[in-house]
Amino acid sequence: MSAQVQTAQLKSGAAGAAVFAGSESRKYNYYEPKGRKATHYEDMTVDVQPDPERYLLQDWIISFGDGRPAYSKDSTAAKSSNWHKFRAIDQEWERTHYQRQSTICGMIQNVIDNGRKSGAASRFDKTWVKVLQDHLGAYKHAEFGLGTATMQAQRYGYTQMINNAVLTNSSYKLRFAQDLTLYLAELGIDIGATLDTAAGKKHWLEDPVWQGARKSVESIMGATDYLEQYFAINLVFEPLVGELFRSGFIMQLAAAQGDFITPAVVSAAEADYERNLANAVELFHILAHEPEHAAHNQGVFNGWLAEHGALALEAAKNLQPIWSQPRVKVSSFADALAAAKNRIKTITTEVGIRAPASLTA
Amino acid sequence: MTASLTLNKITAQKGIGITEAANRVADLGWTPSYVQEAMTFPTDYKISKVARDPMKQVLRSYFPMQEEKDNRVYGALDAALRGDMFRNVEPRWVEWMKLFLAIIPFPEISAARSMAMVGRLAPGEELRTGFTMQMVDEFRHSTIQMNLKKWYMENYIDPAGFDITEAAFGKCYATTIGRQFAEGFITGDAITSANVYLTVVAETAFTNTLFVAMPSEAARNGDYALPTVFLSVQSDESRHIGNGHSMLMSMINNPDNHLLLERDLKYAFWQNHAIVDAAIGTFIEYGTTNRDKNKESYAELWHRWIYEDYYRTYMLPLEKYGIKIHHDDVAEAWDRIVKKNYVHKVAQFFSVGWPVNFWRIEAQTEKDFEWFEHKYPGWYAEFGDYWKWYGKKSKPGETNILFDQENGYVYPHRCWSCMVPCLIREDIVCDEVDGKIYTYCSKQCAWTHKVAFAAEYEGRPTPAMGRFSGRREWEDCYHGWDLADAIKDLGFVRPDGKTLVPQPHLRFDDKEMWTLDHVRGHTLQSPLRLLRELSPADREKSLAEYRKGFKIRSFN
Ligand SMILES: [Fe+2]
Ligand SMILES: [Fe+2]
Ligand SMILES: [Zn+2]
């Protein structure tokens, strides 16, 4: 009996309790890190979605009725000699994602609560309230549409890195669509019956000002190529329409209308976009400089740019009348559009493709 | 439970309540009129426009609630290290986590992917919102599990096997069943896979054994980390189960769907049983050192979670909608567990194949025998000697038990459907599909391949249904290979280039560890290839022999 107690005391399952072959092999060793050392994000992400060309010995073992495998390189027109190269710039895994999302939710809630305590909404310019009601109210649907498009897209990517970057993009878009919805509802409580929370959707569906945007978003939602969706959202719609409206309109004009709250709510989406953009630029840059398929991919991207660019530009131009609606005018549509065009020029240059003149001049 | 409490607390201070918030969020969707969404993930089901009783949920309370849960998980992991958890952890248990945690992150992320498939079919935006949250949840589950695995790798005495985890997942002869499980969520008819197989069956029935029963066993083996992570994971499941039920209810009133629902409930239940019970049953019964006779056995747990909680209170009520429930299969699954020793035969099979695994499996000993005999009368007569042989053959220099001729074990055929071998020998089915011979563990699995996964079901075209594909028999991949070469190809060799990752014991000492040289000189073969090569008459003879089973030689 006492002998047993003794062995029990000697026995330890802790690292370093014994030295033998492999006892110091304490790193995931089946993939090439992007940098010198593997990051935590890479450890959480790389190779979780298997690939018959790497370790999937038995190949995909269930296919769709038409023979398509669970994951296929044919889910996009773009080609790659190494789909596994991409790493998300924002390095998100679950913990960082929830921390960031939760912080934003808390920030927005604080802004709304403090505004309520200080009666901030009552100092909003009356005309501005209607602008928020109609147009911020309409715009929230665009965000929602892009959120559902990325939710769809995250099913198709050839690697876990791509799919998770698209998934967090979706999560950010859907959160922001809800942020706007609930913010306007809260504003309705502070302002009273004069704010019609149903007006936004009506404008989204019927107001000519928004039909270009809706068509552009629906074209993205209806695309069947997941990378086309990801491309059209982050490289085309966001700079030309999303940022144009968020930065070029709301953020620029709100303060002059006595509104210090809406910019705080909207600013979260600007920061979300910086991350999503960085991820998307990284991916499309890799593909545009592919050792084997650069020319092919650039051709594909130019096609997407032309198609979605035309729709987004039309959408942007349709929005022009909104700039003349606030009582206090501090910036012009022309300036905002010029900034948007400049932005898309910068983005496409970074990716390594050329935006058509119509989008940049 | 805590979910709704936290939600209430958060929303109480707000201007608008959760119901109103959820209603407003649900109004974000619209029906496109310029460009229609493509139905890229087809289904043969008909879905009504209105969802029944979707849960009320919004992201602004969801994210803070989840972050809070995460904080508790990561706090507990830190505390476990401060408390020197690994000094007292049972290596027998942690070794099996090399298998479990190699498998589970892929099914989890597959569940996230499958939300795209039901998201577009969701009747009503409230349910679509539910699916988006589930998508983010499943991303949480996949990466939180990768994190736990890394944590074991960094802190447990033998990291080999954790270090190759995702590569091992794609190659090992045991993880193949986990891939069948996960691919079932993401391929084929969107409702079959993402609703019935994933949610109505896997999440609603089997996550209780996975994420509740297993954590209890972990704790009994000094592992406080796994319970922390997995109970947190499980706390998301009630939401998923609610989503799945709501979706189910939007189809069940249409009699056109009944035939397909009956097919899918039958397929999904049987395959979940075959796969989940094989794996989790083994972890709980064979990965433990705790032999407390008062604790529930896997069979008892199964009866509580699957039979009482799921079959009686979830499935049976579906009959009032006119759905025929596969009572016989539930009874048969139960018989396989209590009378036909399914779990014990799986554990035996896993251990026989230790050289082509990537974790350590030690022999069961006298102390274990007593518990098994107590819980499963007759166990000792069937399995006692086997484990004694296994203990003897765990020393390098002996013939590895996979090729050992002395003990009497006969290597089994694989089931083409669930990928677990045909271990209940008398139940093996051999059948022909599209002119080819296949083996199955049971008539239910034969039906799954031949009848359910086909272009037509009972005279009705089912173009959306999936198909079995790939090199489904693992053994076929290494047919004719020398065992040592196969292990090298699998990547199951330690950094010294010769010592095997898997070992048939828990002796952490180079002198006791097997190397490539110890296993060289044996040729792997595919039982299915050999069976196909036989003449029909010889095949019948071979199968008749197989059905008689084998007898382990007595060990003296
Ligand atoms: Fe999950
Ligand atoms: Fe789940
Ligand atoms: Zn089977």
Side-chain angles (χ1 to χ4, degrees), chain A residues 12-15 17-18 20-23 25-30 43-44 47-50 55-65 70 93-95 98-99 101-102 105-106 141 144 151-152 154-155 164 167 171 174-175 177-178 181-182 185-186 189 201 205 214-215 218-219 221-222 224, chain B residues 15-16 21 24-25 28 32 34-38 40 59-60 63-64 66-67 70 86-87 89 91 105-106 109 113 116 119 132 136 139-140 143-144 146 150 153-155 157 159-160 163-164 166-167 170-171 183 186-187 463-467 469-472 477 494-496 499 508-510:
Chain A
S12 165
F20 50 90
S23 63
S25 183
R26 299 191 183 275
K27 288 189 167 60
Y28 289 159
N29 63 19
Y30 44 86
D43 279 345
M44 300 302 98
D47 281 325
V48 172
Q49 178 177 315
Y55 306 116
L56 197 56
L57 176 72
Q58 295 171 262
D59 210 336
W60 296 108
I61 52 184
I62 309 178
S63 73
F64 286 95
W93 61 294
E94 70 95 16
R95 188 156 201 210
Y98 283 101
Q99 281 171 336
Q101 290 282 44
S102 175
C105 292
H141 297 279
F144 179 77
M151 179 185 183
Q152 177 75 7
Q154 61 89 32
R155 166 65 187 79
N164 282 3
L167 185 152
S171 175
L174 293 165
R175 191 218 71 235
Q178 295 195 10
T181 307
L182 299 179
E186 302 275 5
I189 293 175
K201 189 168 188 179
L205 293 175
R214 183 155 75 85
K215 189 173 175 187
E218 288 183 9
S219 300
M221 291 163 74
T224 52
Chain B
I16 52 172
R24 286 182 186 278
V25 161
L28 277 165
Y34 294 106
V35 181
Q36 301 306 315
E37 288 178 297
T40 40
L59 291 171
R60 78 169 177 192
F63 284 120
Q66 297 297 88
E67 191 205 14
D70 267 6
F86 283 93
R87 229 181 43 186
V89 82
F106 180 58
I109 204 65
R113 307 294 175 236
T132 61
V136 189
F139 166 67
R140 172 175 190 257
T143 50
I144 209 171
M146 288 302 288
K150 184 179 177 184
M153 174 173 68
E154 287 168 345
N155 296 293
I157 185 168
D163 56 352
I164 55 171
E166 294 307 305
K171 294 195 150 190
E183 285 186 46
I186 49 172
T187 40
M465 190 63 180
R467 299 286 187 284
S469 62
R471 304 166 73 185
R472 294 179 65 88
C477 303
R494 293 173 185 248
D496 67 356
T499 309
F508 302 103
D509 180 347
D510 281 331

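Order of the sequence lines sets the chain letters (A, B, ...), proteins ahead of strands, with each chain counted from 1.
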Checklist entry - So, Tyr55(A) side chain and Glu166(B) main chain: donor-acceptor pair closer than 3.5 Å or not? => result no
Next on the checklist: Using a 3.5 Å distance criterion without hydrogens, assess whether the side chain of Ser219(A) forms a donor-acceptor pair with backbone atoms of Val35(B).
Outcome noted: no
Next on the checklist: Between Pro463(B) and chain A, with a heavy-atom cut-off of 4.5 Å, which part of the residue counts as in contact: side chain, backbone, both or neither?
Outcome noted: backbone
Checklist entry - Looking only at heavy atoms, which two atoms of Met151(A) and Ala116(B) are closest? And how far apart? => result O-CB, 3.3 Å
Checklist entry - Under the side chain to side chain donor-acceptor pair (under 3.5 Å) test, which residues partner Gln58(A), sequence neighbours left out? => result Thr176(B), Arg179(B)
Item to check | Student check: side-chain heavy atoms of Met146(B) and Asp43(A) closer than 4.5 Å | outcome: no
Checklist outcome for this item: Under 4.5 Å to a heavy atom of chain A? For Arg494(B) that would be side chain
Checklist outcome for this item: One should read off an interatomic distance between Glu94(A) CD and Asp70(B) CG, to the nearest 0.5 angstrom, of 4.0 Å
Next on the checklist: With a 3.5 Å distance limit and no angle check, can you tell me whether Gln101(A) reaches the backbone of Phe63(B) through a side-chain donor-acceptor pair?
Outcome noted: no
Checklist outcome for this item: Bottom line for Asn155(B): the part with an atom under 4.5 Å from chain A's heavy atoms is backbone
Checklist entry - Donor-acceptor pair, Asp510(B) side chain versus Ala21(A) backbone, under 3.5 Å? => result yes
Checklist entry - Do Leu174(A) and Leu28(B) have side-chain heavy atoms sitting under 4.5 Å apart? => result no
Next on the checklist: Looking only at heavy atoms and a cut-off of under 4.5 Å, which of Gln152(A), Gln99(A), Lys27(A), Gln49(A) has the most pairs with chain B?
Outcome noted: Gln152(A)
Next on the checklist: Given heavy-atom pairs under 4.5 angstrom as the criterion, report whether the side chain, backbone, both or neither of Lys215(A) touches chain B.
Outcome noted: both
Checklist outcome for this item: Closest heavy-atom pair, Pro159(B) versus Arg26(A), reported as atoms and distance to 0.1 Å, is CD-NH2, 3.6 Å
Next on the checklist: Can you tell me which portion of Ile164(B) sits under 4.5 Å from chain A's heavy atoms? Options are side chain, backbone, both or neither.
Outcome noted: both
Next on the checklist: Tell me which of these, Val89(B), Asp496(B), Ile186(B), Thr132(B), has more heavy-atom pairs under 4.5 Å with chain A than the rest.
Outcome noted: Ile186(B)
Next on the checklist: Testing the basics here: between Thr143(B) and Met44(A), what is the closest heavy-atom pair and its distance to 0.1 Å?
Outcome noted: O-SD, 3.4 Å
Checklist entry - For the residue pair Leu57(A) and Lys171(B), what are the closest heavy atoms and their distance? => result CD2-O, 3.5 Å
Next on the checklist: Tell me every residue that passes side-chain contact (heavy atoms from CB on, under 4.5 Å) with Thr224(A), counting only those two or more places apart in sequence or in another chain.
Outcome noted: Ala38(B), Thr40(B)
Checklist entry - Heavy-atom distance under 4.5 Å to chain A: side chain of Ala21(B), backbone, both or neither? => result both
Checklist outcome for this item: The interface call for Glu154(B) against chain A, heavy-atom contacts under 4.5 Å, is both
Checklist entry - Measuring heavy-atom distances to chain A, does Met465(B) have an atom under 4.5 Å in its side chain, in its backbone, in both, or in neither? => result backbone
Checklist entry - Taking all non-hydrogen atoms of both residues, which atom of Pro64(B) and which atom of Ser102(A) are closest, and how far apart? => result CA-OG, 3.3 Å
Item to check | Closest approach of Arg113(B) to Leu167(A) (non-hydrogen atoms, all atoms of both residues) | outcome: NH1-CD1, 3.6 Å
